[in-house]
Amino acid sequence: MKQMTRRELIKKTGTLGGVFITGNPLIAGLRDFCGLTPAQTEGPFYPVVDQTDKDWDLTQVKGKSKSAKGQVVWITGTVTDENCRPVEKALVEIWQAAFSGRYHHPGDDSGLELDPNFQYWGRAVTDPLGQYQFKTIVPGHYPADAHWIRPPHIHYKVFATGFHDLTTQMYFSGSSFIEEKGKFIDELNRKDRVLNQLSSQEQQKVIVTFSAKENDLRGTFDITLKRI
C-alpha cells in the first residue's frame, strides 16, 4: 500500500472523522442533552511505537537531563458520567506535537524539528474523585495543507470500564496568551476544519482558557463519558 503523506493523512482523517461524529443526529442530540464531551477525530498521528516513558509528565523524559522546549502547561480535570458522578480508574491518554508542531510519528513528513527531550505521549489514571493531571508544553501550530493551519491542540483518549471510549481534542483559548499571540490562536481556532465540525456549544467544552502562575500556564479540562 502506498504510504500517505502527512497532509493526505490529516485531510482524510479530518473529513471522515467529522462525518462519523456529526452525521448521526440521534447521537448528537443525546450528547447535547446529557452534556457529554464531544468526540472528535483521532487524527493520523496516534502513537504506533511503544515507549518506556509514558507517564503524566511529558516535559521530562526518563534518562535525560534536559527538559522539553516550549511553554510549560499544567492540565487538570475531572472525569465524570452523565450525572456528574466521578469516574475512578479511568485511563486518560494524551498525545501531541512538540513546540515546533512536529509529531513523533512515522507519518509526519513535515520536516519540522523533533525534540528529543519531549515525551509526546502520556497517560494518567483518575483517582477516587475522578481527577487527573498532566504536565506538558503548549504544542506548536502546523500546516495541514496549503490553506489550513491547525491550531495548538492536544489529543485525548479516555477509557473506563462500563463506559464508551472517548476520543477528542483540547484547544487553547487565545485569552491564555499575550495579545498578539492570542489573536493569532483565536483566528486559527475559528478557521480550523476539525473544530468547526462542532457546534458553538460543543466548542466551548473543548476550548480551555489557561492562566499564568509562576511562569507556567494552568487550566482545567473536565471530561464527561457516556455509560454503556
Side-chain angles (χ1 to χ4, degrees), residues 6-7 10 14 37-38 40-41 43 45 56-61 64-78 92 94-104 108 110-122 124 131-156 168-223:
R6 170 190 175 97
R7 290 181 179 179
I10 293 171
T37 300
Q40 295 175 86
T41 177
F45 302 129
W56 61 271
D57 184 355
L58 282 69
T59 66
Q60 190 74 46
V61 177
K64 295 184 180 292
S65 58
K66 294 183 178 180
S67 298
K69 296 180 181 179
Q71 172 68 61
V72 173
V73 58
W74 293 79
I75 307 170
T76 57
T78 303
V92 184
I94 64 170
W95 70 100
Q96 64 173 89
F99 79 103
S100 65
R102 174 81 178 270
Y103 285 85
H104 188 47
D108 188 337
S110 64
L112 298 169
E113 181 182 351
L114 281 172
D115 184 353
N117 300 305
F118 182 53
Q119 191 172 294
Y120 286 92
W121 171 32
Q131 298 172 334
Y132 74 90
Q133 173 179 268
F134 287 105
K135 181 183 181 184
T136 183
I137 56 99
V138 178
H141 59 277
Y142 57 85
D145 62 29
H147 306 287
W148 175 23
I149 298 177
R150 289 233 62 200
H153 62 281
I154 295 177
H155 296 265
Y156 271 74
T168 193
Q169 300 180 33
M170 187 212 79
Y171 302 81
F172 294 79
S173 167
S175 60
S176 305
F177 304 91
I178 59 176
E179 185 175 2
E180 287 305 314
K181 185 174 182 180
K183 288 181 179 179
F184 175 65
I185 289 177
D186 277 342
E187 184 67 15
L188 294 182
N189 285 342
R190 281 193 293 270
K191 294 180 177 179
D192 188 59
R193 298 175 189 173
V194 176
L195 183 57
N196 283 330
Q197 291 169 358
L198 303 180
S199 68
S200 297
Q201 183 179 5
E202 289 172 324
Q203 289 184 27
Q204 292 176 9
K205 296 178 181 178
V206 296
I207 299 177
V208 177
T209 297
F210 289 81
S211 59
K213 185 176 181 180
E214 298 176 356
N215 298 320
D216 296 341
L217 294 179
R218 296 176 183 268
T220 301
F221 183 46
D222 294 326
I223 297 167

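Note that the coordinates shown come from a computational prediction; the quantities given were computed from them, not determined experimentally.
- At a threshold of 4.0 Å, the pair Lys183-Glu187 does not count as salt-bridged, since none of the basic side-chain nitrogens sits closer than that to a carboxylate oxygen.
- Of the possible donor and acceptor atoms, one in the side chain of Gln71 sits under 3.5 Å from a partner among the backbone N and O of Asn215.
- For the residue pair Thr76 / Gln133, no side-chain donor-acceptor distance below 3.5 Å is found, with atom types taken as modelled.
- Side-chain contact between Gln40 and Tyr156: absent, with no pair of heavy atoms (C-beta onward) separated by less than 4.5 Å.
- Looking at heavy atoms from C-beta onward, Gln96 lies in side-chain contact with Ile137 at the 4.5 angstrom threshold.
- In this structure, Phe45 has its ring center no closer than 6.0 Å to that of His155.
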Tyr103 and Tyr142: CA distance, side-chain angles, deciding distance, ring pair (Phe, Tyr, Trp, His ring centres under 6.0 Å) verdict: CA-CA 10 Å; Tyr103 285 85; Tyr142 57 85; 5.6 Å; yes

Derivation of the side-chain contact (heavy atoms from CB on, under 4.5 Å) call for Thr37 and Lys205: CA-CA 7 Å; Thr37 300; Lys205 296 178 181 178; 5.6 Å; no

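- Checked against Asp192 for a side-chain hydrogen bond (donor to acceptor under 3.5 Å, both in side chains), the options Gln203, His153, Arg150, Gln169 give a single hit: Arg150.
- Using a 4.5 Å heavy-atom threshold, the side chains of Asn189 and Phe172 count as separate.
- Side-chain atoms of Ser173 do not come within 3.5 Å of backbone N or O of Thr209 as any donor-acceptor pair.
- No side-chain donor-acceptor contact under 3.5 Å links Asn117 to the backbone of Val61.
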